[in-house]
Amino acid sequence: MNTITLFEMQKALDRHIESQHKLEAEDLFDRKVLALLVEIGELANETRCFKFWSVKPPSQTEIILEEFVDGVHFILSLGIECGYDDLETIPQSQSDELDTTKQFLSIYEFVQKFRNSRRKEDYVQLFQSYLKLAQLLGLNEEQIEQAYIKKNEVNYDRQRQGY
């Protein structure tokens with residue numbers, strides 16, 4: 001995955017949003033963390049992996065992919081916020097987790113760990129864990145990149161329309 005390109009696109013979007021909403025002087029870190037946690041929950045809801053009481057299948061792949069890249073936006077934005085936007089690649093996770101529900105729970109833990117430490121190692125671990133989830137959901141890097149680019153454009157359109 002070309003993370004440098006994605007970081008650059010996210011930087012431009014972040015600058016646009018911060019300028020549009022006059023937030024340049026604001027510390028947005030905790031709001032971005034909360035936004036990421038919400039997006040992860042929305043993704044989990046679409047996968048339905050935890051809904052043991054229901055027989056309804058997961059949402060269509062396109063919907064899951066769109067929810068997934070919403071999380072990518074905030075992970076990139078948090079990395080930019082901490083100066084970690086120089087990561088050219090995110091190494092593959094060493095985790096052999098095969099359970100989607102447990103992977104979601106791990107991601108929540110990694111978000112909190114990174115929030116508390118703001119260390120690069122914890123950021124990479126969070127990103128790795130999120131990309132491992134993509135594998136478990138059957139999403140590949142090319143799909144993620146293309147969906148990110150598409151959603152980035154949607155986000156600009158939303159800002160122009162007063163979202």
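- Of all heavy-atom pairs between Gly71 and Tyr130, the closest is CA-OH, 3.4 Å.
- Counting all heavy atoms, side chain and backbone alike, Tyr108 lies closest to Leu37 at CD2-CD2, 3.2 Å.
- No more than 12 heavy atoms of other residues, nucleotides or ligands shown are found within 6.0 angstrom of CD on Glu142.
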May I have the step-by-step check of side-chain contact (heavy atoms from CB on, under 4.5 Å) for Val154 and Glu66, ending in yes or no?
-> CA-CA 11 Å; Val154 168; Glu66 184 174 337; 6.0 Å; no
Which is it for Asp14 and Lys11 under the salt bridge (charged side-chain N to carboxylate O under 4.0 Å, His left out) test, yes or no, and what are the steps along the way?
-> CA-CA 5 Å; Asp14 286 355; Lys11 268 190 227 177; over 6 Å; no
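- In terms of heavy atoms, Ile90 sits closest to Gln128 at CG2-CG, 3.7 Å.
- Using a 4.5 Å heavy-atom cutoff, the side chains of Ile80 and Arg15 are not in contact.
- Side-chain atoms of Ser117 come within 3.5 Å of backbone atoms of Lys113 as a donor-acceptor pair (strictly under, hydrogens ignored).
- When side chains are defined from C-beta on, Lys120 counts as touching Leu87, because their heavy atoms get closer than 4.5 Å.
- Ile149 and Ile144 end up in the same hydrophobic cluster when Ile, Leu, Val, Met, Phe, Trp and Tyr side chains are linked at under 4.5 Å.
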Test side-chain contact (heavy atoms from CB on, under 4.5 Å) applied to Tyr123 and Ile75, step by step = CA-CA 8 Å; Tyr123 176 75; Ile75 290 172; 3.7 Å; yes
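- Between atom CD of residue Gln103 and atom OG1 of residue Thr101 there is a gap of 10.5 Å, rounded to the nearest 0.5 Å.
- Contact check for Lys51 versus Lys56: no side-chain heavy atoms found under the 4.5 Å cut-off.
- Inter-residue side-chain proximity for Leu13 and Gln10 is flagged as met; some heavy-atom pair is nearer than 4.5 Å.
- No donor-acceptor contact under 3.5 angstrom links the side chains of Asn152 and Tyr156, judged on distance only.
- Summarising the geometry of Ile64 relative to Leu137, their closest heavy-atom pair is CG2-CD1, 4.0 Å, with the distance given to 0.1 Å.
- Here the shortest heavy-atom pairing between Asp85 and Ile4 reads O-CD1, 3.8 Å.
- In this structure the side chain of Leu36 never reaches within 4.5 angstrom of the side chain of Lys32, judged on heavy atoms.
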Going through the distances and angles, do Cys49 and Phe104 end up as a side-chain contact (heavy atoms from CB on, under 4.5 Å)?
-> CA-CA 9 Å; Cys49 65; Phe104 271 107; 3.7 Å; yes
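- Only one option out of Ile40, Thr47, Leu139 pairs with Phe68 in a side-chain contact (heavy atoms from CB on, under 4.5 Å); it is Leu139.
- For Asn116 (side chain) and Gln112 (main-chain N/O), a donor-acceptor pair under 3.5 Å exists by modelled atom type.
- Atom CG of Leu78 and atom CZ of Arg118 lie 9.0 Å apart (nearest 0.5 Å).
- One hydrophobic cluster, built from ILVMFWY side chains closer than 4.5 Å, cannot hold both Leu6 and Ile17; they sit in different ones.
- A heavy-atom distance below 4.5 Å is found between the side chains of Phe29 and Arg115.
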Check step by step if side-chain contact (heavy atoms from CB on, under 4.5 Å) holds for Lys151 and Asn155.
-> CA-CA 6 Å; Lys151 187 64 183 260; Asn155 288 337; 3.7 Å; yes
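- Within 6.0 Å of atom CD in Glu121, more than 12 heavy atoms from other residues, nucleotides or ligands are found, so the atom counts as buried in its surroundings.
- Interatomic distance, CG of Leu28 versus CG of Leu23, reported as 5.5 Å (0.5 Å rounding).
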Where do Arg48 and Glu67 land on the salt bridge (charged side-chain N to carboxylate O under 4.0 Å, His left out) test, with the steps shown first?
-> CA-CA 13 Å; Arg48 303 182 60 80; Glu67 291 297 340; over 6 Å; no
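- Note that the CD atom of Glu8 and the CG atom of Leu76 stand 11.0 Å from one another [nearest 0.5 Å].
- At a threshold of 4.5 Å between non-hydrogen side-chain atoms, the residues Val33 and Phe74 do not count as touching.
- Atom NE2 in His16 sits 7.5 Å away from atom NE2 in His21 (nearest 0.5 Å).
- Within the 4.5 Å cutoff, the side chain of Ser19 has heavy atoms near those of the Glu24 side chain.
- The minimum heavy-atom distance linking Tyr84 with Arg119 is given by the pair OH-C, 3.4 Å.
- Put simply, OG on Ser129 and CG on Asp122 are 12.0 Å apart, with the number rounded to the nearest 0.5 Å.
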